[in-house]
Asks: 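Got a structure here, written out as structure tokens. Questions coming.
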Amino acid sequence: FSRNDKILKLYQSQPFILSSGEDMDVSWYGGRDFSPLSWSEYFEAMEDVEVENDNAKDISFTVAPISHGPVLLLLHGGGHSALSWAVFTAVIYNRINCRVVAMDLRAHGDTKVKNSDDLSAETMAKDIGKVVEALYGENPPPIMMIGHSMGGAIAVHTAAANHVPSLLGLCVIDVVEGTAMDALNSMQNFLRSRPKTFKSVENAIEWSVKSGQIRNVESARVSMGGQVKKCEEPLNSPGVSKSISDGIIEEEEEEEEEGESNHKRKKEDDQEVKETLYTWQIDLSKTEKYWEGWFSGLSALFLSCPVPKLLLLAGVDRLDKDLTIGQMQGKFQMQVLPQCGHAVHEDAPEKVADALASFMVRHKFTEFKEGFLW
């Protein structure tokens, strides 16, 4: 049983500047650059860490931690990867004293899992605990666990099962039981509406921005590289063709008319699709049997966690009854960040970092960095 969980650590506190030059390989649309950005612009390092699971070794990526401050353990949403936290990581590190560990959950990003079909909340929660144990041994540092969407649900399950004994606090981003359960019926339709393949990472980045999946171009440029992968073999089925508008490869919905000109066009398309294509890193449609387990009972589980809790939402309409009552009773802190899509931490990393920094300083988990003006 082997696994490859990637844990990416922050790169440095210094902001990066991407210079423009004629020799750069970039893709422009409307004056915007859709070329990929490397993880190394934001994180310090990646390395392997081995964890034991059922008397066998799980292999996962990790990084060397910075020497002081609590650990921010970042868990991404379904279909995303640790890279979705890249821009947020650079921002939060400028605000407070902390260490950052962002990991790819199983079957996501660069993970390699023998039993990749097991995405149950219980299994993934155990993964988190084992990675923390492998990193820090029996005496882990104080940890603030932060999760987005599916990762937020897994963070709650992890905290409730006490898999992270040194847990300081819990931050859940834009996932609420009521809204999530209501959305499950339409999830497959949403997944079917996405392009199945892209001709390049640049095209995947362009699609994510133009479709509104990620509204922050910089974040999309580093994040999408963890969401897509090269197709294992060329897609040369007759149902695949090249989109003229965006360079996105999509399914052909209409059958081609017979004729010599159409035969010529089909021959050209076949040649094009034999080039390297990119597809989604994980087929989320096949994880449906685990969706209910991620979100059912989540509100009560969240409220039962004994640590200080922060809930960040893209809209107040996402609150369900249990959370509304709990919020009125002061059981957790809530903040709504308007004008954001579902990927709140990618769309508005500064706002999320401000909310988290204020929460952690208020609870005396850490301090603002010297020279940072709040």
Asks: Can you tell me if Q333 and R362 form a side-chain donor-acceptor pair at under 3.5 Å?
Replies: yes

Asks: Test side chain to side chain contact (heavy atoms under 4.5 Å, CB included) on L356 and L72; report intermediate values, then the result.
Replies: CA-CA 10 Å; L356 183 66; L72 307 185; 4.2 Å; yes

Asks: Taking the ring centre of each residue, are H80 and H108 less than 6.0 Å apart?
Replies: no

Asks: Hey, is CD on E350 packed in by over 12 heavy atoms from elsewhere, all under 6.0 Å?
Replies: yes

Asks: Is there side-chain contact between K229 and Q281, with heavy atoms separated by less than 4.5 Å?
Replies: yes

Asks: Return yes if some donor-acceptor pair links the side-chain N/O of S211 with the main-chain N/O of W207 below 3.5 Å, else return no.
Replies: yes

Asks: Taking NZ in K351 as the centre, count heavy atoms belonging to other residues, nucleotides or ligands within less than 6.0 Å. Is the count above 12?
Replies: yes

Asks: Do we see a donor-acceptor contact under 3.5 Å between the side chains of S223 and E346?
Replies: yes

Asks: Do you know the tightest heavy-atom contact between S116 and A107?
Replies: O-CB, 3.8 Å

Asks: Working to the nearest 0.5 Å, report the span between NE2 of H345 and OG of S84.
Replies: 3.5 Å

Asks: To the nearest 0.5 angstrom, please state how far the CG atom of L323 sits from the NZ atom of K321.
Replies: 12.5 Å

Asks: Can you check whether A300's main-chain N or O pairs, donor with acceptor, with D322's side chain at less than 3.5 Å?
Replies: no

Asks: Once you round to the nearest 0.5 Å, how far does OG of S208 lie from CZ of R194?
Replies: 11.0 Å

Asks: So, for A121 and G293, which heavy atoms are closest and what is the spacing to 0.1 Å?
Replies: CB-O, 3.9 Å

Asks: With no hydrogens and no angle check, is any side-chain donor or acceptor of W280 less than 3.5 Å from a backbone partner on P195?
Replies: yes

Asks: Does any non-hydrogen side-chain atom of R106 lie less than 4.5 Å from one of D118?
Replies: yes

Asks: Ignoring hydrogens and angles, state whether a donor on the side chain of D320 or S299 is under 3.5 Å from an acceptor on the partner side chain.
Replies: yes

Asks: If every non-hydrogen atom of V87 is compared with every non-hydrogen atom of P349, which pair is closest and at what distance?
Replies: CG1-CG, 3.6 Å

Asks: So how far is it from K364 NZ to E367 CD, rounded to the nearest 0.5 Å?
Replies: 9.0 Å

Asks: Does I325 belong to the same Ile/Leu/Val/Met/Phe/Trp/Tyr cluster as L311, with side-chain heavy atoms less than 4.5 Å apart forming each link?
Replies: no

Asks: So how far is it from L277 CG to C231 SG, rounded to the nearest 0.5 Å?
Replies: 5.0 Å

Asks: Please list, chain by chain and in numerical order, all residues satisfying ring pair (Phe, Tyr, Trp, His ring centres under 6.0 Å) with F365, sequence neighbours excluded.
Replies: H363

Asks: Does T287 use its side chain to pair, donor to acceptor, with the backbone of L284 at less than 3.5 Å?
Replies: yes

Asks: Checking K369 against R95 for the side chain to side chain contact (heavy atoms under 4.5 Å, CB included) test, could you report, in this order, the C-alpha distance in whole Å, the side-chain angles of both residues, the deciding distance, and whether it holds?
Replies: CA-CA 6 Å; K369 284 222 169 164; R95 282 160 169 68; over 6 Å; no

Asks: Is it true that the side chains of N203 and S200 contain a donor and an acceptor less than 3.5 Å apart?
Replies: yes

Asks: Can you check whether P141's main-chain N or O pairs, donor with acceptor, with S166's side chain at less than 3.5 Å?
Replies: yes

Asks: Taking only residues at least two apart or on different chains, which pairs with a member in residues 139-159 satisfy side-chain hydrogen bond (donor to acceptor under 3.5 Å, both in side chains)?
Replies: S149-H342

Asks: Is there a side chain to side chain contact (heavy atoms under 4.5 Å, CB included) between V71 and M144 once you walk through the steps?
Replies: CA-CA 6 Å; V71 171; M144 176 80 191; over 6 Å; no

Asks: For residues V209 and R32, determine if any side-chain heavy atom of one lies less than 4.5 Å from a side-chain heavy atom of the other.
Replies: yes

Asks: Okay, side chain of D174, backbone of L313: is any donor-acceptor separation there less than 3.5 Å?
Replies: no

Asks: For a 4.5 angstrom cut-off between non-hydrogen side-chain atoms, does K309 reach V172?
Replies: no

Asks: Test your reading of the model: is there a side-chain donor-acceptor pair from R221 to the backbone of F34, 3.5 Å cut-off?
Replies: no

Asks: Would the distance check show the side chain of D347 and the main-chain N or O of R215 forming a donor-acceptor pair, the cut-off being under 3.5 Å?
Replies: yes

Asks: Just one of V175, L184, I154, V156 clears the side chain to side chain contact (heavy atoms under 4.5 Å, CB included) bar with W294, so which one?
Replies: I154

Asks: Would you say M334 and L319 make side-chain contact, with heavy atoms under 4.5 Å?
Replies: yes

Asks: Identify the two heavy atoms, one from F88 and one from V352, that lie closest to each other, and give their separation to 0.1 Å.
Replies: CE1-CG1, 3.7 Å

Asks: Looking at D104 and A82, what are the two nearest heavy atoms and their distance?
Replies: OD1-N, 2.7 Å

Asks: Who pairs with E288 by salt bridge (Lys or Arg N to Asp or Glu O under 4.0 Å), at least two apart in sequence or on another chain?
Replies: none

Asks: Donor-acceptor pair, T179 side chain versus V176 backbone, under 3.5 Å?
Replies: no

Asks: Would you say Y42 and E218 are linked by a side-chain donor-acceptor pair, where the criterion is simply a distance under 3.5 Å?
Replies: yes

Asks: Show your reasoning for whether side chain to side chain contact (heavy atoms under 4.5 Å, CB included) applies to M145 and C171.
Replies: CA-CA 6 Å; M145 191 156 46; C171 175; over 6 Å; no

Asks: Can you tell if the side chain of V132 reaches within under 4.5 Å of the side chain of L73, non-hydrogen atoms only?
Replies: yes

Asks: Step through the shown structure and confirm whether more than 12 heavy atoms of other residues, nucleotides or ligands are within 6.0 Å of CD on Q188.
Replies: yes

Asks: Decide whether a cation-pi geometry holds between K331 and F302; the criteria are a distance under 6.0 Å from NZ or CZ to the six-membered ring centre and an angle within 45° of the ring axis.
Replies: no

Asks: Within the 4.5 Å heavy-atom criterion, are Y278 and K199 side-chain neighbours or not?
Replies: no

Asks: Over all heavy atoms of both residues, which pair between I96 and M360 is shortest? Give the atoms and the distance, please.
Replies: CD1-SD, 3.9 Å

Asks: Ring centres under 6.0 Å, that's the criterion: do H76 and W85 meet it?
Replies: no

Asks: Side chains of L168 and I143, heavy atoms from C-beta outward: is any pair under 4.5 Å?
Replies: no

Asks: Between OG1 of T89 and CD of E44, what distance do you get to the nearest 0.5 Å?
Replies: 11.5 Å

Asks: Would you say the side-chain atoms of E202 pair up with the backbone N or O of S35, donor to acceptor, closer than 3.5 Å?
Replies: no

